[in-house]
Amino acid sequence: MAVCPVLSLLGLLLLLITAPTSQGQACPQRCDCVPQSKAVNCQNKRLSSVPNGIPLDTRLLDLSGNTLRWVEHGDLAAYVNLEELDLSENLISVLEPNAFSSLLNLRVLRLRANQLKLVPMGAFSHLANLTTLDLSGNKLVILLDFTFQDLRSLRNLEVGDNDLVYISNKAFLGLVGLRELTIERCNLTSISGQSLSYLRGLVMLRLRYLSIVSLEEQNFRKLGGLRGLEIDHWPFLQYISPHSFQGLNLSWLSITNTNITTVPTGALRSLIHLASLNLSYNPISVLESWALRDLVRLKELHLVGTNLVSVQTYGFGGLQQLRLLNVSNNRLVTLEEGSFHSVNTLETLRVDGNPLSCDCRLLWILQRRKTLNFDGKSPVCAAPVEVQDKALNSFSDSALFDHFTCQRPKIRNRKLQQLTAREGQVVSFFCHAEGEPTPVIFWISPQRRRITTKSTGRIIVLPEGTLEIRYAQITDSGTYICIASNAGGNDTYFATLTVSGLPLDAAVAANRTYYVGDLNDTNLNDTRVFLKFTLDLKTILVSTAMGCITFLGVVLFCFLLLFVWSRGRGQHKNNFSVEYSFRKVDGPTTSGGQGGARKFNMKMI
Ligand SMILES: *[C@@H]1O[C@H](CO)[C@@H](O)[C@H](O)[C@H]1NC(C)=O
Ligand SMILES: *[C@@H]1O[C@H](CO)[C@@H](O)[C@H](O)[C@H]1NC(C)=O
Ligand SMILES: *[C@@H]1O[C@H](CO)[C@@H](O)[C@H](O)[C@H]1NC(C)=O
Ligand SMILES: *[C@@H]1O[C@H](CO)[C@@H](O)[C@H](O)[C@H]1NC(C)=O
Ligand SMILES: *[C@@H]1O[C@H](CO)[C@@H](O)[C@H](O)[C@H]1NC(C)=O
Ligand SMILES: *[C@@H]1O[C@H](CO)[C@@H](O)[C@H](O)[C@H]1NC(C)=O
Ligand SMILES: *[C@@H]1O[C@H](CO)[C@@H](O)[C@H](O)[C@H]1NC(C)=O
Ligand SMILES: *[C@@H]1O[C@H](CO)[C@@H](O)[C@H](O)[C@H]1NC(C)=O
Ligand SMILES: *[C@@H]1O[C@H](CO)[C@@H](O)[C@H](O)[C@H]1NC(C)=O
Ligand SMILES: *[C@@H]1O[C@H](CO)[C@@H](O)[C@H](O)[C@H]1NC(C)=O
């Protein structure tokens, strides 16, 4: 502020020097006039009202930065040639109806940063030539119906930075020419589909800094011409309905700085012409397989600063034309080639700012380090220690295979695990593997179900790889296969379980019968439970075929067959033929998993 008096003094001096040259034309005392362009500049002149002496043919009038408090019809009525009027940064709190109604040629009207609380109906009436209206930075609380109804040529409307809590359903009626709309920094908690539905010509919609919690169905359904939609800084946004973008044909979409934790796959489904998608700064930690599968024309994807930890296999599946990927500033340890639909379309890749582990999974980037555009920011290795802090584009060709390797998993402690348990007991099988990168461990059950650390229910895999079966059932008997796998390959290991049909105690049995009550064919899942003694022939065959036959198993099998046969006596013929295939017992040293089919023919007399 200290320099201001000096500056205004200088300005005054300049004014005194230049004043005589513009003589002959009327000009308000404190303003600068440029007769050639018919412009009058009264910016920052501490004017408290529209000054006298403005030439009647003025086209551009700048009254910004003064202390005007209101605008009445009479103030400006004479200046019918005005095309641009700037009233920004005044103290205007009252606009009279028809305040501008004689300015038929007005094209640009700026009322930014005033004190407007309400725009009365008719304030902008007759302004059919207006193309730009800036109402941002006021104190508007509500936009009334028909506020803008005469503004059919309006192309840009700024209503940001107000205290808007409500936009009336017909507020935008008449704005058929509006191409761009920005609504920002309001206390709006919803945007009704109906109020937007009048904006048929809208091409770009920016909605920033709003307190909206969810995007409901068909919010934008009538905006068929919209090409770009920006949703930025909605800290409370958590839910995007699968139909919220229905009716839109966007080529550009940005949903950033919100609270969504997953990619809104369902909502994106209809946007088949989308070329650019920005999902930066949302707490999306995992990009799931095929999450963007319908965006077949997408060329640019930005997922910056989302705390992304992993991109699953085919995370970018479906993106057949992806050219630019920006995943900088995340927590990715790797970015595998298998995540992409094809890495051959990729031209620009930003993956810097991630704790990358430079092993075989990044080999594909290394091989392309001379042709890929890293946008000036080459990825940097965070591990292993020998290459820490080394930029990928600084590796020489010869170093290519010294680093960037993986170590195939090796399952340690291959002790034979052949357990016999009673019904209802807890059974654990160990499976620990070493490898680089750390192998993922999952198990295959005798029923060929995949059990991973994410499985829930009675049979789970603990984080370090141990399989845990709670309340063991007879049907759990069989061979379990542990598979440890990483980018370098996989290793397998087999364990067998035999559950005998004697319950541990009555309480557990009681508990189990409680389960049985609500079990039927359609809700069989991981927590399968079966009636205690429904040991039919099918069950025996399945569990036998899937698993291995221990000696005990064979004996039990025969006894049970005898049991079944004796119970079915009279209905069955004496000749009994059983045909099945089974897997060879896989000892601790064999890991090939070779199985052989055999045929058994039994005769029962
Ligand atoms: C818009 O401006 C043109 C001149 O630029 C003028 O001829 C026309 O009358 C104006 N339209 C209206 C509705 O006043
Ligand atoms: C939103 O409302 C709160 C009070 O509920 C107020 O403090 C805040 O200034 C408002 N923000 C805007 C942008 O109007
Ligand atoms: C964002 O979501 C998390 C839960 O997912 C919640 O705890 C947090 O309060 C939300 N933040 C805001 C600003 O709503
Ligand atoms: C959607 O937009 C694309 C251009 O981005 C255009 O080629 C296509 O015809 C539009 N489709 C419809 C149904 O308007
Ligand atoms: C994506 O959104 C973020 C946050 O709004 C912004 O900073 C960034 O510039 C956007 N990126 C592109 C390419 O538009
Ligand atoms: C990628 O994101 C970073 C922000 O982390 C930004 O500075 C950069 O311009 C973006 N690059 C491209 C090519 O979009
Ligand atoms: C294990 O590796 C082999 C080849 O090394 C591969 O064919 C097989 O699909 C892998 N199995 C799993 C479950 O990853
Ligand atoms: C029955 O099982 C549930 C868990 O499945 C357990 O919490 C409960 O203690 C059991 N009750 C008895 C009587 O065993
Ligand atoms: C099985 O249970 C499901 C719900 O768990 C139910 O909808 C279905 O009708 C049941 N089926 C039979 C055959 O009882
Ligand atoms: C399995 O079924 C039980 C009851 O039938 C149900 O409570 C449970 O949620 C189901 N689990 C899964 C993973 O579907």
Side-chain angles (χ1 to χ4, degrees), residues 160-161 180-190 203-216 226-241 245 250-264 267-268 271 273-288 292 295 297-309 311 316 319 321-332 335 340 343 345-356 365 368-369 371-380 382 391-393:
D161 229 341
E180 297 196 10
L181 175 63
T182 304
I183 300 176
E184 61 183 340
R185 289 180 213 277
C186 301
N187 273 348
L188 277 185
T189 51
S190 72
V203 173
M204 177 68 77
L205 177 59
R206 295 193 177 86
L207 303 167
R208 302 182 182 134
Y209 295 92
L210 301 181
S211 321
I212 294 172
V213 174
S214 66
L215 269 183
E216 299 301 338
L226 201 70
R227 288 291 168 271
L229 173 62
E230 176 180 334
I231 288 169
D232 183 37
H233 280 102
W234 293 21
F236 304 105
L237 182 71
Q238 281 191 330
Y239 175 70
I240 297 181
S241 144
F245 298 140
L250 299 177
S251 55
W252 185 89
L253 174 64
S254 177
I255 305 176
T256 52
N257 293 296
T258 75
N259 206 10
I260 55 168
T261 53
T262 56
V263 173
L268 296 174
L271 304 177
H273 286 281
L274 202 67
S276 172
L277 176 62
N278 190 350
L279 290 173
S280 301
Y281 307 110
N282 296 306
I284 298 174
S285 57
V286 175
L287 182 66
E288 283 166 21
L292 302 157
L295 307 180
R297 291 184 182 82
L298 199 75
K299 294 186 179 59
E300 283 190 21
L301 176 62
H302 301 268
L303 273 163
V304 176
T306 67
N307 277 327
L308 200 60
V309 174
V311 177
F316 304 117
L319 307 182
Q321 302 185 10
L322 191 66
R323 282 201 219 127
L324 186 155
L325 176 66
N326 196 345
V327 287
S328 59
N329 298 325
N330 280 302
R331 291 192 283 146
L332 290 174
L335 185 63
F340 291 83
V343 294
T345 55
L346 209 58
E347 290 164 10
T348 305
L349 175 67
R350 281 282 304 259
V351 64
D352 55 292
N354 284 289
L356 295 175
I365 301 182
R368 289 169 173 77
R369 69 195 184 284
T371 50
L372 266 182
N373 175 3
F374 293 126
D375 190 26
K377 296 267 188 181
S378 170
V380 172
L392 248 74
N393 62 1

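Computed from a predicted model, the values in this text were never measured in an experiment. As the structure lists them, so they are numbered: ligands from 1, and atoms in each ligand from 1.
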Q) Which protein heavy atom lies closest to atom 2 (O) of ligand 3, and at what distance to 0.1 Å? A) N259 ND2, 2.3 Å
Q: Describe, in one word, how the ring planes of F316 and F340 are oriented to each other, choosing from parallel (under 30°), tilted (30 to 60°) and perpendicular (over 60°).
A: tilted
Q. In the protein, which heavy atom is nearest to atom 13 (C) of ligand 6, and how far is it?
A. D375 OD2, 3.3 Å
Q. Considering only the protein, which heavy-atom contact is closest to atom 1 (C) of ligand 6, and what is its distance?
A. N326 ND2, 1.4 Å
Q: Indicate whether the side chain of D232 and that of T256 have a donor and an acceptor atom separated by less than 3.5 Å.
A: yes
Q: Output yes when the distance from some N or O of ligand 5 to some N or O of N278 is under 3.5 Å, and no in every other case.
A: yes
Q) Can you list the ligand 6 atoms lying under 4.0 Å from a non-hydrogen atom of N329? A) 5 (O)
Q. Which ligand 6 atoms are under 4.0 Å away from a heavy-atom of S328?
A. 1 (C), 2 (O), 3 (C), 4 (C), 5 (O)
Q) Considering only heavy atoms from C-beta outward, does the side chain of F236 approach that of T189 to under 4.5 Å? A) no
Q. So which bit of E300 gets within less than 4.0 Å of ligand 6, heavy atoms only: side chain, backbone, both or neither?
A. neither
Q. After noting the C-alpha distance and the side-chain angles of L303 and V311, does the key distance pass the side-chain contact (heavy atoms from CB on, under 4.5 Å) rule?
A. CA-CA 11 Å; L303 273 163; V311 177; over 6 Å; no
Q. Are the side chain of W252 and the backbone N or O of M204 linked by a donor-acceptor pair below 3.5 Å?
A. no
Q.
With heavy-atom distances below 4.0 Å as the criterion, list the atoms of ligand 6 near H302.
A. 14 (O)
Q. With a 4.5 Å heavy-atom cut-off, do P235 and N257 have their side chains touching?
A. no
Q. In ligand 3, which numbered atoms sit nearer than 4.0 Å to a non-hydrogen atom of Q238?
A. 1 (C), 2 (O), 3 (C), 4 (C), 5 (O), 10 (C)
Q: Taking the side chain as every heavy atom from C-beta outward, state whether N373 and E347 have any atom pair closer than 4.5 Å.
A: no
Q | Smallest separation among heavy atoms of I255 and L237, with atom names | A | CG2-CD2, 4.5 Å
Q. Going by the order shown, which atoms of ligand 3 are within less than 4.0 Å of some heavy atom of P235?
A. 12 (C), 13 (C), 14 (O)
Q: Name the option, out of L277, T256, I231, that contains the heavy atom nearest to atom 5 (O) of ligand 5.
A: T256
Q. Under 4.0 angstrom from atom 9 (O) of ligand 3, is there any protein heavy atom?
A. no
**Q.** Residue, atom name and distance, where the atom is the protein heavy atom closest to atom 7 (O) of ligand 5
**A.** Y281 CE1, 4.4 Å
Q | Which residue and heavy atom of the protein sit nearest atom 4 (C) of ligand 6, plus the separation | A | V304 CG1, 3.7 Å
**Q.** R297, K299, E300 screened by side chain to side chain donor-acceptor pair (under 3.5 Å) with Q321, the one that passes
**A.** K299
